[in-house]
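Both counts, for ligands and for their atoms, begin at 1 and track the order of listing. FYI, side chains are in, hydrogens and waters are out, and symmetry mates aren't considered; it's all heavy atoms of this structure.
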Amino acid sequence: MPIAIRSFAKINLGLKIGPLRADGFHELRTIYQTLALHDIIRVDVQPGAGIEIHCNDPRVPLDQSNTCYKIAERVLSSVEARRKVIIQIDKRLPVQGGLGAASSNAIATMLGLERALGTELPDREKLRIAAEVGSDLPLFLVGGTVLGVGRGEQVHPLRALATMHLVVVTPSVGVSTPVAFARWDELVAREAELTGAGAAGTINEFGRGVFARLSESVYSQAASASEPASGVPAVGGDRAETPLLDLVRAGIENDFERVVFPEYPELLEVKGVLEREGARFASLSGSGSTLYGVFASGEKAQDVAVRMKAAGRAAVATTSLSRDAYWRQMFV
Ligand code: C5P
C-alpha cells in the first residue's frame, strides 16, 4: 500500500531581501505560514531500482528536475537503500509560484519515503538534505508559523498567530524567482546611484516599511522567538532575536512587490481588488504570482472568493494551518 501524505502550501507574511552574498544567494528575512490548501503525494517502494513520478497535471516535470525526484534520490543514498520508488502527485494546488508547492511536495515525499522504507533519518540530516534541494524546503519540516533567515533555509518555529482566513489568488502569469532577484539587484543599484549611498547595505538597513497589523503579534513573540527547529543549532540570546526584530521593525511588506508589480501590473490590480474587498492585509507571496488577502472571518473570505471567481479570477478561500494541525493532518 502506498503511503499517502498531505503536502500543504505556504505563504510569506513579509519578505525582506538583503545583500547578494558571495554564493549567489540573497540574505533573506521572512515569515512563512503554512495553509490548509494541499496536494496529495503517494509514495510506494518496490524491489528494484529507479524513481518513477506520475502526476495528474501535465505541467509538472516527471524527470530528474522534479524536486520529489531530487529528494528521493538523496534519501535513498542517505539510508543506503536500493529500491524502486514510485511517487504519485495528486495536484490540487495551483502550479503558479509563491505557494511553495514543489518544495512541499518534496518534503512530503521525504516523509512518505521514510515511512515506506520503515526508517527515520535524524532531524539534522533531513534539514541538510532539504536545504540542499532548495531554500524553501526546510520550512516544511517545521510547519505552522516559521521564521526564515539566511537564504530562507534556516528555520525557526514561531508561536502560532491567530487562525487567519485567507483568499489565495493565482493569476496565470509565471514569475521567475532568479529573474525577480536580479531585478531587485538592479533596483538597489539604481537607488544607490541616485542617493550616492553604497549598494544594498547591511541587513539592518533593510527597508523601513509601515508597521502593518500582523507584525504586532509577531513582535510580541520576539522575546521567546527562537525555539530552534529540532536539528538546527540553537542560536543564543541576542543573535536569536535580531533577525526577527529586523523583520518586524522593517514591517511585513514583501520586497518582491517593488520589482514584480511594475513588470506584471495585473498582479498589482489583484492586490487592489483584495484590498477593496476588505482585506486587512494583502500581499504577493514569495516572488509570485500568488497573492493573498487576510479577511476578518471565514464567511467573508468565502464570499470574496466566490465573487472573484465569478469575475474570472483563480481565487480560493482557505485558512492558515498551525504547526499542530500541520503534523496531525499530514498522513492521510
Ligand atoms: O534555493 P532555490 O532553488 O529556491 O533558489 C532558486 C534561485 O533563486 C537561486 O538559484 C538564486 O538565483 C535565487 N535565490 C536567491 N536568494 C535566495 C534564494 C534564492 O538569490 N535567498
Side-chain angles (χ1 to χ4, degrees), residues 7-34 60-61 63-74 93-110 126-142 146-156 173-189 199-207 229 232 242-244 246-247 250 252-260 263-264 284-290:
S7 164
F8 296 103
K10 64 84 181 158
I11 50 171
N12 296 81
L13 299 172
L15 191 157
K16 291 285 152 199
I17 310 174
L20 179 61
R21 313 188 318 192
D23 63 4
F25 286 88
H26 293 73
E27 195 63 27
L28 289 189
R29 301 286 179 263
T30 188
I31 295 173
Y32 301 108
Q33 173 64 56
T34 49
V60 173
D63 61 8
Q64 299 175 4
S65 68
N66 190 304
T67 48
C68 297
Y69 189 106
K70 292 182 189 173
I71 213 105
E73 199 175 35
R74 284 167 172 80
L93 294 171
V95 181
Q96 299 311 323
L99 290 172
S103 304
S104 173
N105 288 177
I107 295 301
T109 298
M110 176 189 255
K126 281 195 279 227
L127 283 162
R128 185 193 66 76
I129 292 175
E132 199 178 287
V133 173
S135 308
D136 268 12
L137 269 70
L139 83 102
F140 291 106
L141 287 169
V142 180
V146 183
L147 174 68
V149 303
R151 59 182 168 91
E153 94 291 11
Q154 292 171 30
V155 285
H156 301 271
V173 299
V175 178
S176 153
T177 302
V179 170
F181 273 115
R183 296 273 178 277
W184 175 261
D185 292 339
E186 288 160 20
L187 177 71
V188 167
T202 67
I203 295 297
N204 289 331
E205 291 165 38
F206 274 18
V232 177
T242 304
L244 184 60
D246 281 343
L247 177 71
I252 61 164
E253 291 165 347
N254 180 344
D255 279 343
F256 276 122
E257 291 188 351
R258 293 189 57 203
V259 287
V260 173
E263 196 155 341
Y264 304 98
L284 191 70
S285 184
S287 58
S289 61
T290 299

- Taking only non-hydrogen atoms of L28 and a 4.0 Å limit, the atoms of ligand 1 in range are 21 (N)

Within the structure provided, determine whether [X] and [Y] are in side-chain contact (heavy-atom separation under 4.5 Å).
X	Y	answer
V155	L127	yes
W184	R258	yes
S289	Y264	no

- Query: Does at least one non-hydrogen atom of G24 fall below 4.0 angstrom from an atom of ligand 1?
  - Reply: yes

- Query: Is ligand 1 less than 4.0 angstrom away from at least one heavy atom of D136?
  - Reply: no

- Short N/O distance, under 3.5 Å, between R151 and ligand 1? yes

- Could an N or O of ligand 1 be found under 3.5 Å from any N or O of T177, whether backbone or side chain? no

Which residue holds the protein heavy atom closest to [atom], what is that atom called, and what is the gap in Å?
atom	value
atom 3 (O) of ligand 1	G134 CA, 4.1 Å
atom 21 (N) of ligand 1	H26 O, 2.8 Å
atom 19 (C) of ligand 1	F181 CE1, 3.4 Å
atom 5 (O) of ligand 1	F25 CE2, 3.9 Å
atom 7 (C) of ligand 1	P178 CG, 4.0 Å
atom 4 (O) of ligand 1	S135 N, 3.8 Å

- Can you see which heavy atom on Q154 is nearest to which on H156, and at what distance? O-CD2, 4.1 Å

- Message: How close do A180 and V175 get, counting heavy atoms only, and between which atoms?
- Response: CB-CG1, 4.5 Å

Measure from the side-chain N and O atoms of [X] to the backbone N and O of [Y], and report whether any donor-acceptor pair falls under 3.5 Å.
X	Y	result
N66	P61	yes
S285	N12	yes
S104	F8	yes

